[in-house]
Every structure is written in structure tokens, then in C-alpha cells.
*Asks:* 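The structure follows.
Residue numbers start from 1 in every chain, and the chains themselves are labelled A, B, ... in the order their sequence lines are given, proteins ahead of strands.
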Protein chains: 2
Amino acid sequence: MDKQDYLQHLINAGEEDVQLTPKQAKILEAAIEIFAEKGYAATSTSEIAKKAGVAEGTIFRHYKTKKELLISIVTPGIIKLTVPFFADQFVSEVFKERSESYEQLLRKIIRNRFEFVQKNVPLLKIIIQEMAFHEELKQSFQSIFIKKIFPKFDEAVTQFKKDGLIVDYPSSSIIRFTMTTIIGFIITRFLILPEAEWDDDEEIDRTIRMLMHGIQPDS
Amino acid sequence: MDKQDYLQHLINAGEEDVQLTPKQAKILEAAIEIFAEKGYAATSTSEIAKKAGVAEGTIFRHYKTKKELLISIVTPGIIKLTVPFFADQFVSEVFKERSESYEQLLRKIIRNRFEFVQKNVPLLKIIIQEMAFHEELKQSFQSIFIKKIFPKFDEAVTQFKKDGLIVDYPSSSIIRFTMTTIIGFIITRFLILPEAEWDDDEEIDRTIRMLMHGIQPDS
DNA sequence: CTCCTAAGTGAGTGATTACTCACTTATATA
DNA sequence: TATATAAGTGAGTAATCACTCACTTAGGAG
């Protein structure tokens with residue numbers, strides 16, 4: 001597989017849940033739940049089988065190893081988490097419509113990813129946890145980030161800087177600050193303090209406003 | 001143990017490395033390294049013993065269980081990570097010297113924690129990873145945050161708001177934004193992209209400036 | 001009905017696991 | 001010097017692990 005095909009292959013992986021046996025779907029469902037709760041290494045295949053209501057051998061009929069099961073969960077998960085940045089219309093088009101501001105773009109991104117994470121909290125937990133320990137997963141993500149997300153972000157930021165709409169710092173710093181703000185909010189909202197009372201619309205709005213204007217009073 | 005003593009007991013835990021046997025120190029050292037690299041659940045006690053150069057039984061002479069070994073690493077780690085917010089002079093005094101701004105306070109915090117993390121990257125990895133799976137650890141941290149960190153932060157933010165030096169949003173939003181910015185930077189710097197080229201002084205300065213003034217151009 | 005293949009099963013296996021225990025060695029105190 | 005206590009050891013153990021395999025069941029093609 002050459003490098004051109006690599007990302008396409010990854011993307012296709014996002015749709016591979018089409019031809020799943022009912023029992024295979026149950027296995028994935030159970031594995032996601034338990035991996036998220038206890039972590040991959042602390043989860044036994046017998047436990048997954050029990051929760052999925054299948055024999056332990058059935059897991060290995062579909063996945064050669066326990067690790068292959070993890071990968072078949074996380075890799076499509078990474079795709080789905082980052083796919084808005086793949087879709088050409090998402091960043092580039094928004095960026096081309098000059099009427100729209102960087103602030104508008106950020107609002108779209110944060111709302112879009114907020115809703116995705118809301119529906120996929122356990123998946124996000126697994127991705128964050130297991131990327132730290134499995135080199136292949138980290139590299140899948142890094143590859144996507146470097147080839148797809150960063151260039152588009154960079155294109156937009158560079159243009160907005162040129163137009164004098166955002167501050168003239170290095171793009172890498174602006175992108176890092178932007179992403180940690182958005183990701184930090186989403187992680188706080190769903191992983192760290194999911195049970196606090198959140199006015200989501202208000203908080204998204206304030207987060208973007210602080211990102212754009214900082215925490216000094218309006219001048 | 002009543003609740004008053006609880007935090008004091010946690011703080012004392014930070015100094016318990018005084019009366020350590022040489023072999024016990026080796027065990028802790030080895031465990032920190034391997035836990036950080038492979039995760040607690042994927043690490044065997046035989047592996048720790050081997051790396052520490054001791055017999056496996058020696059580990060259980062000092063720690064009743066493998067989990068007790070983890071706790072005796074992470075709990076003091078949490079203390080050391082958060083202790084600047086305990087120390088009365090750190091936040092409150094800075095806040096009382098009105099000549100100093102919120103920006104100055106943030107610079108002190110970010111520099112101080114930057115240097116601590118720099119010297120304790122594996123420890124930070126373990127804390128982040130294992131808090132997700134061990135309820136006691138999560139609660140230790142939450143207890144410290146709610147009782148010690150948040151109130152002092154809140155006191156400072158409220159005063160600065162009153163003085164018109166920072167924007168009049170809810171303190172919880174300002175604190176969340178401030179913390180995700182600082183933590184996001186430190187995690188990016190040491191865990192996500194440790195091998196990138198960083199001009200640390202410049203980047204700390206820009207991070208605080210973006211935090212204070214946002215990413216719109218200077219007005 | 002006869003193949004064929006894929007899906008599903010669960011008892012079985014060798015390796016590894018956290019932890020124990022009877023024992024030795026070292027240190028301190030009386 | 002005698003004695004007690006703590007530190008250190010490593011062979012041993014029951015439990016659990018990921019994975020295998022001979023087998024059954026189901027469904028579709030000829």
C-alpha cells in the first residue's frame with residue numbers, strides 16, 4: 001500500500017461497519033463500553049464475550065487478536081473524530097467566503113465536534129487513553145493531523161492574518177492555542193466534569209469569545 | 001480520620017520519601033518509568049522487580065499490593081503537582097499586592113508548573129492516565145481542586161473582576177479557560193509534541209498574551 | 001438433496017499473573 | 001555477645017490470561 005492510498009484506506013475504514021454480523025456488532029459495542037470504563041489492558045476477552053452474549057471463540061473468529069479488536073475500534077474512531085477537516089467544504093469553503101470571520105469558522109467547528117463527542121463519549125475516552133500506549137494509533141493520528149488538519153488550518157490562519165483579522169503570531173502558536181481551547185472545553189465538558197450543570201450554548205459562546213478577545217475587558 | 005486531617009495527611013504523603021530503603025527507592029524509580037511507558041495494567045510486578053534489580057518478593061515487602069504501589073506513587077504526585085496552590089503565599093499574596101496584575105500571576109503559575117512538569121514528565125503521564133481508571137485517585141484530585149485550588153483562584157478572579165481588570169464572565173468560565181490554556185500548553189509541550197522545536201520563553205509569553213488578549217489584533 | 005463456506009461454540013492449553021511463605025541476611029539495641 | 005526486628009529473597013501457587021481447535025449450525029448455490 002503506497003502512501004497515497006494510506007489515508008483513503010483509513011477513511012474507508014470509517015464505513016466498514018456495513019457488513020457486520022449481529023454478533024460482531026454486539027462484540028464491538030461491548031468492547032467499546034468496557035475498554036472505555038477499565039482500559040484496554042485491564043479488559044479480558046472473556047469479559048467482552050460475556051457482555052456481548054457470545055462465546056469467547058466468536059471474538060477470535062472476527063479478530064485475530066485482542067489488539068486487532070482495539071485497532072478496529074480506534075482507527076475508524078480517529079477518522080470520524082477528524083473527518084470534518086477532511087471534507088473540502090468544511091474549512092476551505094468557509095475560509096473562501098470572506099464575509100465569514102475566523103470566529104464564525106471556530107463556532108462551526110466547536111459546535112460540530114461538540115455534537116459528535118456528545119454521541120461518542122466512550123469512543124473518545126478509548127482514543128485518548130490508548131493513543132498514549134500504542135504507537136500505530138499515535139502515528140495514524142499524527143499522519144492525519146500533519147497531512148490534513150494542519151494544512152487547512154494553516155491556510156485559513158495565514159489568510160486571516162494577511163487580512164489583519166487575527167493577530168500576527170506564528171500560525172503554529174495560533175493553531176495550538178485555538179485547538180487547546182476547543183479541545184480543553186470539550187474534554188472538561190464530557191470527561192472531567194460531565195455532571196456539572198452546563199449551559200452549553202452560553203458556554204460555547206463564551207469560550208469562542210474568550211478565544212478571540214481574551215479575558216481582558218472589552219476595550 | 002476526619003476531613004480536616006485528610007488534606008494534611010495527603011500533604012504529608014509528599015514527604016514520605018524520607019525514610020526509604022535504597023531498594024525501595026529503586027522500586028519506585030523503576031515503577032514510575034514502566035508505568036509511564038506501558039500503563040499500570042500492562043505492567044507486571046516481575047518486570048518492575050527486574051528493572052529495579054530486586055527480588056519480586058521485595059516489592060510486596062513494602063507494598064501490600066501492586067495497586068498500593070501505584071497509589072504511593074500517584075498520591076504524592078498529585079500533591080506535588082498542586083502544592084503551589086496550597087502554599088498561602090503563592091496565590092493570595094500575589095493577589096494582595098495590587099500592583100501585580102492577573103497577567104503577572106498567570107506568568108508565575110505557568111513558569112512554576114512548567115519547570116515542575118519538565119522534571120517529572122513520567123509522573124505526569126501516570127497521573128493523567130490512571131486517574132481515569134481509579135476512582136480514589138480521581139477523588140483525591142477533585143478534593144484538592146475543590147477545597148484548595150478553586151477557592152483561591154476564585155478569590156483572585158473575583159477581585160480582579162471587581163477592579164475591572166478582567167472581563168465580567170462567570171468565574172468558573174474564566175478559571176476553566178485559564179486552566180485549559182495553561183494545561184493545554186504544558187501537555188502539548190511535554191506529552192504531545194515533546195520533540196518539536198520549542199522556544200519555551202517565547203511560547204510561554206505568547207500563550208499568556210493570547211490568554212489575556214485573545215487572538216484578535218491589538219486594538 | 002448435496003455441497004460448500006462462513007459463523008458460532010466452548011472445552012482445553014501453555015504462559016503469565018499477582019501474591020505468599022519459609023528462609024537468610026543485616027542492623028540495631030540491650 | 002545474644003536477641004529481636006526489619007529487609008531481602010526466590011521457589012512455589014492458584015487464578016486468569018489470550019488464543020486454539022475440533023466441532024456444530026445456518027444459509028445459499030448448483
*Asks:* Give me the first and last nucleotide of DNA chain C, going 5' to 3', that has any atom under 4.0 Å from a heavy atom of chain A.
*Replies:*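 Contacts span C:dA7 to C:dG10, reading 5' to 3'.
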*Asks:* Return a table of donor-acceptor pairs under 3.5 angstrom between the side chains of residues 114-129 of chain A and protein atoms on other chains or two or more places apart.
*Replies:*
unit_1 : atom_1 : unit_2 : atom_2 : d
A:N120 : ND2    : A:F116 : O      : 2.9

*Asks:* Any side-chain heavy atom of B:I204 within less than 4.5 Å of one from B:R107?
*Replies:*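 A side-chain contact under 4.5 Å is absent here.
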*Asks:* Can you check whether A:S44 has a side-chain N or O nearer than 4.0 Å to OP1 or OP2 of D:dT16?
*Replies:*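 Checking D:dT16 against A:S44, no side-chain N or O comes under 4.0 Å of OP1 or OP2.
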*Asks:* Just how far, in rounded Å, is C1' of D:dA6 from CG of B:L20?
*Replies:*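 From B:L20 CG to D:dA6 C1': 15 Å.
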*Asks:* For residues 53-64 of chain B, pull every pair meeting salt bridge (Lys or Arg N to Asp or Glu O under 4.0 Å), keeping only residues two or more places apart or in separate chains.
*Replies:*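 Listed by first then second residue: nothing to list.
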*Asks:* Would you indicate whether B:K26, at its atom NZ, is surrounded by more than 12 heavy atoms from other residues, nucleotides or ligands within a distance under 6.0 Å?
*Replies:*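 No, not enclosed.
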*Asks:* Sequence neighbours left out, what passes salt bridge (charged side-chain N to carboxylate O under 4.0 Å, His left out) with B:K50? Give chain and number order.
*Replies:*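 Not a single residue meets the salt bridge (charged side-chain N to carboxylate O under 4.0 Å, His left out) criterion with B:K50.
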*Asks:* For residues A:M131 and A:S140, determine if any side-chain heavy atom of one lies less than 4.5 Å from a side-chain heavy atom of the other.
*Replies:*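 Not touching, per the 4.5 Å side-chain cut-off.
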*Asks:* Between C1' on D:dA6 and CD on B:Q19, what's the gap in Å once rounded to a whole number?
*Replies:*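 From B:Q19 CD to D:dA6 C1': 14 Å.
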*Asks:* In whole angstrom, give the distance that lies between atom NZ of A:K66 and atom C1' of D:dT16.
*Replies:*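 Going from A:K66 (NZ) to D:dT16 (C1'), I get 12 Å.
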*Asks:* By nearest heavy atom, map A:K64 and A:A42 onto DNA chain D; which one lands nearer the 5' end?
*Replies:*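 Result: A:A42.
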*Asks:* Would you say that more than 12 heavy atoms from the other residues, nucleotides or ligands in this model lie under 6.0 Å from the CD of B:E37, or not?
*Replies:*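 No, because the 6.0 Å sphere around CD of B:E37 holds 12 heavy atoms or fewer from other groups.
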*Asks:* Give the residues of residues 54-63 of chain A touching DNA chain C, defined as any heavy atom closer than 4.0 Å, sorted by residue number.
*Replies:*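 Residues of residues 54-63 of chain A that come under 4.0 Å of DNA chain C are, in numerical order, A:V54, A:A55, A:G57, A:T58, A:R61, A:H62.
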*Asks:* Among residues at least two apart in sequence or on other chains, which ones pass ring-ring contact (aromatic ring centres under 6.0 Å, His included) with A:Y40?
*Replies:*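 Here the qualifying residues are A:F35, A:H134.
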*Asks:* In whole angstroms, how far is the C1' atom of D:dA18 from the CG atom of A:L69?
*Replies:*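 Spelled out: CG on A:L69 to C1' on D:dA18 is 12 Å.
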